[in-house]
Engineer: 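First, the structure itself, so that you have it in front of you.
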Amino acid sequence: MLNKKLDLKRLLFSMSSLVDLGQEATSSKDLSAKMKAALYVITGMFSVPTAALFVYNPQRKILRLFVEKGRRARERRVKGIPLLPEHIKRFRMNDPHTFRDMAESAFFVRNKEVFSDLQTTIFLPLFAKGDFVGAIALGRKLGRAPFRQGEKDVLRVIAHQMAITLHNARLFLEVAKKAAENKKLYSSMQQIYQDTIQAFATAIDAKDEYTKDHSYRVASYAVAIARELGWKKKDVEGIYIAGLLHDIGKIIIDVKVINKGATLSTPELTEIRKHPQISYDILSKIRFPWKNIENFVRHHHERLDGKGYPDSLKEAELSDGVKILALVDAFDAMTSDRPYRDKLPVSEALKEVTRCKGTQFDTKITNTFFNVLRKELNGEVKEPHILPHLHNLDMHKFKALSSNSDT
Ligand SMILES: [Fe+2]
């Protein structure tokens, strides 16, 4: 009767300790704190003053001391313990290992000092889903009594719980590591992408001696309008790239035609007007991470009234991206020297944009362009994208101009 009462008491104590252990293992603490708390529950449960938890590193094939309790500070530092596959095989066959098992095992004999420092009497290998993840070394009980069969059964349950926690943590770490590697790879790919595109833009602008940095300015103005229209970050990136590459087709056009000082003949005009189509042909072969680049580029010389090229599209067929590029490309052309004429003063170019609103340029896009410019002149924009490229434009002149527009 007395024994039965004692067994029931032990069972209840083990049960409540296992509940404590479960709570520790699933808590939101970091792994080391979680494992330390779990180890304290175990030592309390079996009245064991010393204990240690090792984790297995499968890449380096070593068992590393992770958390411990009760070992005196003056005792030696535990380095990584090398483990061979046959050791793990043996752990799998015989769990938990008692002192007697250990005396017969080459692994424990080789690492006697570590385990005697911990006064190890029970070595509990941790397996989860067939993988060896670590081990718990338990010291002698305070009363020096051996571990009974029932206690070893409880230890098996504990081993299972701790192993699952370690296994999950390892999986989580691997996923996090993979995600970090992918992120790094993605950002370096993005960088290569951007660098290549910038190199192309420089090559395009270098071919046309009159339009140095034209592509950069077009890209920059386009970004300012797209942002003002509330475009998503990815779409803003897309219009920036389209701006940089919109004239890529000029790479194939005869440099003499591009840089001809005099008015172009009809065949030369036909030749140069092929460049949006060529830009499209080049870019449509690239799988960009941004949408519509090739279409923006193909139609950057289209007009609302259908008098543009290459497809003579009408207003309803033009996307906002196309309308933005068409406006900023024409505006930058007006404010740059060309082989056949000097650049227009900015105020004159803005007047011309206003005059062409509704025929060549879209009204909403033109108004947005003026709106951004007004904000940049007012100092309301942290990083102005248009104003730094324009000379001799002040608020006074701009106000006089914009009174003629609908902004
Ligand atoms: Fe162009």
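Order of listing sets the numbers, starting from 1, for every ligand and every atom in it. Owing to the predicted nature of the structure, the values given are computational and were not obtained by experimental measurement.
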Engineer: At a threshold of 2.8 Å, where the distance has to be below it, does the Fe ion (ligand 1) have an N, O or S atom of His301 nearby?
Structural biologist: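 Checking His301: at least one N, O or S atom is under 2.8 Å.
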
Engineer: Would you say the side-chain atoms of Ser220 and Tyr240 include a donor-acceptor pair closer than 3.5 Å?
Structural biologist: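 Looking only at side-chain atoms, Tyr240 and Ser220 do not form any donor-acceptor pair under 3.5 Å.
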
Engineer: Restricting to N/O/S atoms, is Asp247 within less than 2.8 Å of the Fe ion (ligand 1) or not?
Structural biologist: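 So Asp247 counts as coordinating the Fe ion (ligand 1), yes.
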
Engineer: Is the closest side-chain donor-acceptor distance between Asp332 and His214 under 3.5 Å?
Structural biologist: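 Checked: Asp332/His214 side chains pair up, N/O donor to acceptor below 3.5 Å.
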
Engineer: Please work out which of the three classes, parallel, tilted or perpendicular, describes the rings of Phe132 and Tyr56, given edges at 30° and 60°.
Structural biologist: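 If you compare the ring of Tyr56 with that of Phe132, the planes turn out tilted.
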
Engineer: With the Fe ion (ligand 1) at the center, what angle do NE2 from His300 and NE2 from His275 span, rounded to 10 degrees?
Structural biologist: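 Angle NE2(His300)-the Fe ion (ligand 1)-NE2(His275): 100°, rounded to 10°.
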
Engineer: Between Phe369 and Phe331, is the ring centroid distance below 6.0 Å?
Structural biologist: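 Under 6.0 Å, so yes.
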
